[in-house]
Amino acid sequence: MEATGTTTRARVVQRFLLPLISFVSAALVYGIGATIGLWLMRVAGNEAAFWPANGLMVILLLSVRVSQLPWAVAGALASSLPIQIYMHTEPMGFALAASDMIEVVVVVKLARRLKLLDSGLESVSSVAALIAILSLSTLLSAIGAAATLAWFQDVAFSASFTTLWRLNAASALMILAPYFAIGKTGWAVSFQTALHNGGTRRTIEFLALLGIIAASILIMRHASVSMISFFTVPLLWCAIRFGPPATAMTSSLLSLGIVLLVIIGEWPNTAMSRSLAWQLQRTELALSFITIPPLFVAAALTGLHNMTRALKESQERLRYALAGSGEGVWDWCIGTNRTYFSDNWYAILGYRRDEIEETAETWDRLRHPDDAQENKRRIRDHLDGRTPHYSIEQRLRHKDGHWIWVLDRGSVVERDAEGRPRRAVGTTQDITLRRARQDELDRRAHHDSLTGLSNRAALGENFARWNEEERRFCFVLIDLDDFKPINDRFGHQFGDHTLLAIADRIRACLGKNDIAARIGGDEFALLIEAAPDEVERTARLLIERISEPIGFADSVVTTGASIGIAAVANGGPDFQDAYRLADVALYDAKAAGGSAYRIADTLLSGAARSAARDRTVSDLMAAAGEQPVDQPARDREDAADDCHG
């Protein structure tokens with residue numbers, strides 16, 4: 001029920017109250033403005049002097065944002081009736097009022113369409129739009145009024161048209177320029193911005209400006225000298241120092257004051273023989289000429305100030321963002337090879353600005369030699385347009401002497417007419433800690449956590465890579481003999497110590513390109529780049545070294561190693577087949593009593609391997625007493641015939 005009542009009241013307000021308010025307010029505003037205009041015309045001896053009614057109507061409609069424009073127009077026309085009756089000009093006066101409404105409607109419609117009220121006259125385009133709107137609307141109004149006078153009073157159209165156009169245009173400019181200038185922020189904020197941003201000094205300066213204008217008017221009046229062009233300088237001063245609101249208000253007050261002095265006959269005029277209408281027309285035209293340029297200057301300077309402030313704010317945001325991210329900025333002029341480095345860039349590398357030269361060669365001197373070739377390739381690809389941007393992780397030498405990892409990113413921002421790059425801008429970020437974490441994660445993903453050797457995944461990747469490169473190498477499988485009793489008797493701590501010692505001994509037996517991995521509890525695997533006969537020497541050395549005593553606390557233990565070897569050449573066999581071959585060879589070594597090695601025979605035909613498997617697999621498994629821990633029994637049977645012995 002409450003919601004229904006609220007909706008009903010809203011409909012009543014929308015349908016009856018708002019139209020009534022629009023009608024009454026427009027009637028009052030237009031009536032008062034027309035009365036003032038007619039009174040000034042009477043003072044001027046029935047000459048067209050100053051007509052504020054149209055400008056006041058526009059201010060009303062735009063200020064309260066009255067949407068019932070037809071009701072407001074009707075109210076203004078209704079308020080003109082008593083004036084017309086009093087002046088005994090009913091039909092002609094009504095037609096003149098209708099021509100005024102043409103001006104009001106055109107200004108309101110175009111100002112709303114162009115959002116002129118929100119512009120604050122802070123751009124050259126907004127001032128140009130205001131002048132264009134006022135020129136068009138007053139032109140249409142003057143055409144209607146001149147036609148009315150020609151119809152009712154036989155006044156020549158050309159004789160009244162220019163006077164009426166001047167009257168409406170000058171009056172509208174004096175009233176509406178301040179309104180549109182302060183419409184964006186309001187009176188209080190406009191004055192505060194114009195006067196108080198510079199403190200007391202700015203206020204005193206503005207008061208001094210007004211004092212100069214007032215004193216100049218008094219001096220010209222008493223000296224009988226009319227020098228309206230003199231006021232161009234104070235208005236330009238106002239435009240430069242105080243912006244559009246203060247400029248519009250000052251110029252309007254100046255113009256209105258001089259017009260009123262002309263109307264009452266107190267302003268000096270060299271052409272006294274001319275009519276007052278002619279004098280007003282010349283004076284208002286001159287005032288318009290000295291008012292419009294300062295408005296453009298104020299708008300241009302304000303627009304420039306706004307752009308400068310926006311650029312400064314953008315630069316501050318960028319500076320804060322870069323400071324927060326720890327990134328340094330570089331700006332490379334490619335033609336001259338000169339480079340600007342920001343303070344953050346120097347801080348990343350530990351240098352002061354005067355310690356290194358700001359050229360592209362500085363990068364080359366600081367860059368790690370291993371990263372130079374890849375960096376040059378990526379720069380060349382980007383400069384030639386093959387990549388949208390440049391990005392690389394590389395090492396630079398810190399002032400302290402150590403290497404730091406940085407992420408360098410940038411792009412070409414300027415090219416010449418032929419498309420050649422002229423300027424590139426980018427950032428440098430210290431990623432040393434990130435690379436360290438990444439390397440640690442990579443190490444954990446590819447290395448055994450206890451011994452530090454490669455794990456099974458890394459072993460498989462390296463095996464595949466060596467096979468693709470068609471290297472000739474051997475896959476070696478090592479299983480420790482009698483390792484389980486060590487764990488059972490002395491505990492896992494002793495067992496881990498034993499595994500660490502054995503891992504170190506295995507490393508010592510390998511070449512720098514060979515790879516060692518721990519792939520099970522006490523099982524190791526090797527990739528040795530050598531022929532089988534050369535690997536035999538390494539196998540004997542491994543057995544000898546692994547069999548050496550290992551001490552821990554007050555205890556000493558010994559273990560042995562059984563080794564299976566599978567040769568790989570010309571891209572085959574693959575990892576799984578090589579593992580099976582080496583696994584069967586390893587258990588053949590175990591069957592021989594351990595601490596021995598065997599080389600798998602990879603040259604038997606498929607039929608021979610099948611027959612050998614049927615003949616030997618049961619004996620081998622029985623001798624081993626267990627199955628390999630990492631492969632199913634069927635896999636080992638498939639490779640049983642590939643071992644020697």
Side-chain angles (χ1 to χ4, degrees), residues 22 25-26 28-34 36-37 50-67 69 72-73 76 100-138 141 167-195 206 210 235 238-239 242-257 259-260 284 287-288 290-299 302:
S22 303
S25 59
L28 291 174
V29 169
Y30 185 80
I32 294 173
I36 295 173
F50 186 74
W51 190 252
N54 299 355
L56 295 176
M57 275 289 294
V58 171
I59 291 176
L60 170 70
L61 293 173
L62 291 178
S63 296
V64 299
R65 303 189 183 277
V66 177
S67 58
L69 187 59
V73 171
D100 287 343
M101 292 304 101
I102 294 175
E103 176 185 343
V104 171
V105 171
V106 171
V107 174
V108 170
K109 290 287 188 181
L110 293 180
R112 284 182 176 176
R113 176 66 62 86
L114 299 177
K115 298 181 179 180
L116 196 60
L117 191 60
D118 298 327
S119 69
L121 299 185
E122 293 182 349
S123 65
V124 173
S125 60
S126 62
V127 176
L130 173 63
I131 295 173
I133 290 173
L134 295 183
S135 300
L136 175 62
S137 60
T138 55
S141 176
L167 170 68
N168 289 344
S171 302
L173 183 62
M174 292 180 198
I175 293 176
L176 293 179
Y179 172 72
F180 284 111
I182 65 173
K184 182 178 181 180
T185 56
W187 288 88
V189 177
S190 295
F191 272 112
Q192 181 181 6
T193 302
L195 303 180
F206 184 71
L210 295 180
L235 290 179
C238 186
F242 303 105
T247 303
M249 288 184 286
T250 303
S251 61
S252 292
L253 290 175
L254 170 65
S255 300
L256 183 59
V259 167
L260 292 177
E284 291 177 353
L287 290 171
S288 298
I290 70 169
T291 296
I292 293 175
L295 287 177
F296 275 108
V297 171
T302 301

### Query
Is it true that the side chains of Asn54 and Tyr30 contain a donor and an acceptor less than 3.5 Å apart?
no

### Task
Identify the two heavy atoms, one from Met57 and one from Val29, that lie closest to each other, and give their separation to 0.1 Å.
N-CG1, 3.9 Å

### Query
Taking atom CE of Met174 and atom CG of Leu287, what is their separation to the nearest 0.5 Å?
5.5 Å

### Summary
One should read off an interatomic distance between Leu110 CG and Lys115 NZ, to the nearest 0.5 angstrom, of 15.0 Å

### Message
Any heavy-atom pair between the side chains of Ile36 and Ile32 that's under 4.5 Å?
### Response
yes

### Task
Working to the nearest 0.5 Å, report the span between CD1 of Ile290 and CG of Leu295.
11.0 Å

### Partner set under side-chain contact (heavy atoms from CB on, under 4.5 Å) for Ala239, not counting sequence neighbours
Thr247, Pro294, Val297, Ala298

### Task
Compare every heavy atom of Gly243 with every heavy atom of Thr302, then report the nearest pair and how far apart it is.
OG1-CA, 4.2 Å

### Query
Atom CE in Met249, atom CZ in Phe242: separation rounded to 0.5 Å?
11.5 Å

### Task
Could you tell me which residues satisfy side-chain contact (heavy atoms from CB on, under 4.5 Å) with Ser126, sequence neighbours excluded, listed by chain and number?
Leu116, Ser119, Leu121, Ser123

### Query
So do the side chains of Ile131 and Phe296 get within less than 4.5 Å of each other, counting heavy atoms only?
yes

## Note on the structure
Looking only at heavy atoms, the pair that brings Phe206 and Ala246 closest together is CE1-CB, 4.0 Å

### Residue pair Ser171 / Phe50: nearest heavy atoms and the distance that separates them
OG-CD1, 3.5 Å

#### Entry: Beyond-backbone contact of Glu103 with Val58, side-chain heavy atoms, under 4.5 angstrom
no

### Any residue meeting side-chain contact (heavy atoms from CB on, under 4.5 Å) with Ile59, in chain and number order, not counting sequence neighbours
Ser63, Ile175, Leu176, Tyr179

### Query
If you measure from OG1 on Thr138 to CG on Leu167, what distance do you get to the nearest 0.5 Å?
10.0 Å

### Task
Please report the closest heavy-atom contact between Ser252 and Ala177, naming both atoms and the distance.
OG-CB, 4.5 Å

### Query
Closest approach of Ile133 and Ala111, non-hydrogen atoms and distance?
CD1-N, 4.1 Å

### Query
Nearest 0.5 Å, what's the OG-CG distance between Ser251 and Leu256?
11.0 Å

